[in-house]
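Notes to accompany the following structure.
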Amino acid sequence: MSLTGKNAVVTGGAKGIGGASCKALYREGANVVILDIDLQGEELAEELGGRAFFLRCDVSKEAEVRDAMAKAVEAFGDLDILVNNAGIQRYSTVTETTEAEWDLVMNVNLKSAFLCAKHAIPSMQKKGKGVVINVSSVQAFITQNNVAPYTTSKTAMLGLTRSIAVDYAPHIRSVAVCPGTVDTPMLRDALQLSPDPESVFKECEDMHLAKRVALPEEVAELIAFLASDKAPFITGQAIRIDGGLGLRVAGSKRD
Ligand SMILES: NC(=O)c1ccc[n+]([C@@H]2O[C@H](COP(=O)([O-])OP(=O)(O)OC[C@H]3O[C@@H](n4cnc5c(N)ncnc54)[C@H](O)[C@@H]3O)[C@@H](O)[C@H]2O)c1
């Protein structure tokens, strides 16, 4: 899946799934622009080499996104690949969620994907081809307690994916990637909210038919494939990469 000469922007690319995606895209030959609020992205860009660079960008802010996309185009030329990966998790029900917390989750998880697509697609159109990959979640299909804003934002990403696919076909594709639990800093931080992180991690593993959580590299390989010319007939879809999470009918387990 050669991506030689393709220009990619990855949001939330400093670490986790985004970091692994930057590595996979770079390995396949792409020029990679890492957008993140975490300056760790600078180290990753140095580790990758001359075809990568980091821009500090809060992707929930339109002015910063517009500026970052312009700098990415200035550095490498028009864009081919946008990976909308930046995201945050918050734990609350509808009645517990403050307006500010709701807005924060929606802005970082959902509005950012709209803003980045808005400012990347015109560049892709100049090139005549492009792909927008939105990192949603298996929580767009099934959910758990206390994640109302997160689940809502991830479900809405599927609508955004379909809209982009329909509005910009046939030259621009859009695909949503929906992971189960992935071993990233986001998961590790969430585990720390429990008095017994180890047993919660074990519960997470057991929820998946695969009996483990995913590595960020596994999700990154799917993203690199979907971004490549090996996947030209895939658009508008939500692709689950979840180790069978939620596949079994609740209560039907025999072992
Ligand atoms: N880890 C999981 O189990 C899991 C499962 C399904 C979906 N996801 C989704 O995958 C994506 C990546 O998650 P992860 O687990 O790698 O998380 P992570 O917290 O490890 O990494 C997310 C990155 O996004 C960056 N970020 C946050 N807010 C930002 C902003 N406003 N502007 C720019 N960058 C910002 C963070 O600094 C961080 O580097 C998220 O959208 C998440 O919702 C994760």
Side-chain angles (χ1 to χ4, degrees), residues 9-24 33-45 54-65 67-69 82-91 101 103-116 119 133-144 147 149-158 160-161 176-193 200-201 203-205 207-208 210 212-220 222-223 238-243 245-246:
V9 173
V10 180
T11 75
K15 57 183 183 282
I17 295 169
S21 300
C22 290
K23 289 181 190 169
V33 181
I34 304 166
L35 305 188
D36 209 300
I37 48 172
D38 184 341
L39 300 182
Q40 212 177 304
E42 187 87 64
E43 287 161 41
L44 176 59
F54 168 73
L55 290 173
R56 196 207 169 278
C57 175
D58 179 342
V59 288
S60 66
K61 306 256 166 62
E62 182 159 26
E64 294 189 29
V65 168
D67 189 49
M69 293 302 168
L82 168 65
V83 182
N84 283 318
N85 163 81
I88 52 171
Q89 173 64 289
R90 292 290 184 274
Y91 293 92
E101 203 163 53
D103 287 346
L104 178 70
V105 174
M106 289 302 151
N107 290 346
V108 175
N109 292 6
L110 181 62
K111 190 171 93 171
S112 66
F114 147 65
L115 290 175
C116 289
H119 291 285
I133 294 174
N134 294 320
V135 181
S136 171
S137 167
V138 76
Q139 297 227 15
F141 302 98
I142 54 173
T143 194
Q144 63 191 85
V147 292
Y150 183 83
T151 290
T152 306
S153 70
K154 292 298 175 183
T155 307
M157 281 187 107
L158 303 193
L160 179 68
T161 304
V177 169
C178 302
T181 311
V182 189
D183 196 355
T184 65
M186 179 188 276
L187 175 66
R188 294 289 165 177
D189 290 348
L191 293 175
Q192 291 313 313
L193 299 174
V200 178
F201 185 74
E203 278 170 31
C204 285
E205 290 186 311
M207 282 191 293
H208 300 75
R212 64 175 178 86
V213 301
L215 295 172
E217 290 76 16
E218 293 176 279
V219 183
L222 175 62
I223 289 172
I239 315 280
R240 287 171 73 150
I241 173 163
D242 62 7
L245 176 63

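Every number for a ligand or one of its atoms is a count from 1 in the order of the listing. One is the number of the first residue; the rest follow in order along the sequence.
Between the side chain of Ser21 and the backbone N or O of Ile17, at least one donor-acceptor pair lies under 3.5 Å. Here the side chain of Arg240 pairs a donor or acceptor atom with the backbone of Leu245 at under 3.5 angstrom. Not a single donor-acceptor pair under 3.5 Å links the side chain of Asn134 to the backbone N or O of Asn84.
With sequence neighbours left out, the side-chain contact (heavy atoms from CB on, under 4.5 Å) criterion links Asn107 to Ser60, Asp103, Lys111. With sequence neighbours excluded, no residue forms a side-chain hydrogen bond (donor to acceptor under 3.5 Å, both in side chains) with Asp36.
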Please tabulate, one line per pair, the protein N or O atoms found under 3.5 Å from any N or O atom of ligand 1, giving the distance to one decimal.
from: ligand 1; atom 1: 1 (N); to: Val182; atom 2: O; distance (Å): 3.2
from: ligand 1; atom 1: 1 (N); to: Thr184; atom 2: OG1; distance (Å): 3.1
from: ligand 1; atom 1: 3 (O); to: Val182; atom 2: N; distance (Å): 2.8
from: ligand 1; atom 1: 3 (O); to: Val182; atom 2: O; distance (Å): 3.4
from: ligand 1; atom 1: 15 (O); to: Thr184; atom 2: OG1; distance (Å): 2.5
from: ligand 1; atom 1: 16 (O); to: Ile17; atom 2: N; distance (Å): 2.8
from: ligand 1; atom 1: 20 (O); to: Met186; atom 2: N; distance (Å): 3.2
from: ligand 1; atom 1: 31 (N); to: Asp58; atom 2: OD1; distance (Å): 2.9
from: ligand 1; atom 1: 32 (N); to: Cys57; atom 2: O; distance (Å): 3.4
from: ligand 1; atom 1: 32 (N); to: Val59; atom 2: N; distance (Å): 3.1
from: ligand 1; atom 1: 37 (O); to: Asp36; atom 2: OD1; distance (Å): 2.6
from: ligand 1; atom 1: 39 (O); to: Lys15; atom 2: NZ; distance (Å): 3.1
from: ligand 1; atom 1: 39 (O); to: Asp36; atom 2: OD1; distance (Å): 3.4
from: ligand 1; atom 1: 39 (O); to: Asp36; atom 2: OD2; distance (Å): 2.7
from: ligand 1; atom 1: 41 (O); to: Asn85; atom 2: O; distance (Å): 2.8
from: ligand 1; atom 1: 41 (O); to: Lys154; atom 2: NZ; distance (Å): 2.8
from: ligand 1; atom 1: 43 (O); to: Tyr150; atom 2: OH; distance (Å): 2.6
from: ligand 1; atom 1: 43 (O); to: Lys154; atom 2: NZ; distance (Å): 3.1

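Sorted by first and then second residue, the pairs that involve residues 179-188 and meet side-chain hydrogen bond (donor to acceptor under 3.5 Å, both in side chains), not counting sequence neighbours, are Thr181-His208, Asp183-Arg188.
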